[in-house]
Amino acid sequence: MGKYRFRLETLAKVRQRARDAERQRLADAYRADEVLAQQRADVALQLEELAGVRRAALSADYVDINRLAAAGRYEPVLHSHQRTIEEQQRLLDEEIERRRQALVEADRGVRALELLDERHRAEHERQEQRLETRELDEVASQQWLARQ
């Protein structure tokens with residue numbers, strides 16, 4: 001019969017490359033998520049520091065108007081940046097979910113071809129065994145006839 005060769009091997013390789021590309025895209029999105037998390041933490045830290053500056057400016061023997069005014073101008077900028085990060089996070093969460101679903105679908109396509117390959121390989125092996133058994137039976141019957 002010959003050596004087994006999966007007829008859809010090229011399609012399987014294409015699907016595997018597509019799955020690997022989806023996996024890479026998802027990994028990129030997770031890296032972007034880490035960057036946003038770090039930015040969010042940085043902004044939160046800056047807001048805490050700003051609150052500390054305000055408390056220090058008010059708790060001194062004299063009120064430092066210039067520091068209070070600078071803090072008052074900087075706080076809306078930080079809040080605006082925080083809202084921007086939150087919006088980016090929302091969009092990124094949606095994109096991560098899309099990419100996760102695309103990876104699941106790509107993986108499903110690869111798995112379907114793998115299962116088909118396994119079935120075809122098993123059928124090929126069964127046919128090879130039947131052929132071998134038939135040949136051995138033929139040889140055995142010829143030997144039997146030769147002895148008779």
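For reference, positions follow the sequence shown, starting with 1. Owing to the predicted nature of the structure, the values given are computational and were not obtained by experimental measurement.
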Please give the remaining members of the hydrophobic cluster of V14, linking ILVMFWY side chains under 4.5 Å, ordered by chain and number.
none
Nearest 0.5 angstrom please: R15 CZ to D107 CG, how far?
11.5 Å
Basic-acidic side-chain contact under 4.0 Å: E86, R90:
no
Are any of the side-chain heavy atoms of Y30 and R100 separated by less than 4.5 Å?
yes
Report the C-alpha distance between V139 and E135 in whole Å, list the side-chain angles of each, state the deciding distance to 0.1 Å, and finish with yes or no for side-chain contact (heavy atoms from CB on, under 4.5 Å).
CA-CA 6 Å; V139 168; E135 289 173 0; 5.6 Å; no
Taking only Lys NZ, Arg NE, NH1 and NH2, and the carboxylate oxygens of Asp or Glu, determine whether R108 and E105 approach each other closer than 4.0 Å.
yes
Does D28 reach the side chain of Q24, with side-chain heavy atoms less than 4.5 Å apart?
yes
As an exercise, state the distance from CD of Q38 to CG of L45, rounded to the nearest 0.5 Å.
9.5 Å
Side chains of E125 and Q129: any donor to acceptor distance under 3.5 Å?
no
Salt bridge present between R121 and E118 (N-O < 4.0 angstrom)
no
Are D33 and Q89 close enough, and set up right, to give a side-chain contact (heavy atoms from CB on, under 4.5 Å), and what steps lead you there?
CA-CA 7 Å; D33 188 49; Q89 184 66 54; 2.6 Å; yes
Polar contact flag, side-chain donor to acceptor under 3.5 angstrom, Q16-D20
no
Test your reading of the model: is there a side-chain donor-acceptor pair from S80 to the backbone of P76, 3.5 Å cut-off?
no
Do Q82 and R40 pair up side chain to side chain, a donor and an acceptor below 3.5 Å, judged on atom types alone?
no
Give, for atom CD of Q143 and atom CD of E138, the distance between the pair rounded to the nearest 0.5 Å.
11.0 Å
Check whether any side-chain heavy atom of E114 sits under 4.5 Å from a side-chain heavy atom of V110, and report yes or no.
yes
Hey, are R25 and E95 close enough for a salt bridge, meaning a charged N less than 4.0 Å from a carboxylate O?
yes
Less than 3.5 Å apart, any donor N or O on the side chain of Q46 or D42 sitting next to an acceptor on the other?
no
Atom of A29, atom of I96 and distance for their closest heavy-atom approach:
CB-CG1, 3.6 Å
In the single-linkage hydrophobic clustering (I, L, V, M, F, W, Y; side-chain heavy atoms under 4.5 Å), do I85 and L91 co-cluster?
no
Just verifying a value: how many Å separate D137 CG and W144 CH2, rounded to the nearest 0.5 Å?
14.0 Å
My understanding is that a hydrophobic cluster links ILVMFWY residues whose side chain heavy atoms are under 4.5 Å apart, including indirect links. Using that, what else belongs to the cluster containing L116?
Y4, F6, L8, L11, L113
Here the pair of heavy atoms bringing Q88 nearest to L36 is OE1-CD2, 3.3 Å
Nearest heavy-atom neighbours spanning H124 and G2
NE2-O, 3.0 Å
Backbone N or O of A106 within a donor-acceptor pair of the R19 side chain at under 3.5 Å?
no
Just how far is it from atom CG of L26 to atom CZ of R31, taken to the nearest 0.5 Å?
10.0 Å
Can you tell me if E123 and Q127 form a side-chain donor-acceptor pair at under 3.5 Å?
yes
For L78 against L50, the heavy-atom pair lying closest together:
CD1-CD2, 4.1 Å
Can we say R54 and E75 salt-bridge, meaning some charged N sits less than 4.0 Å from an Asp/Glu carboxylate O?
yes
Do the side chains of R7 and H120 get nearer than 4.5 Å, heavy atoms only?
yes
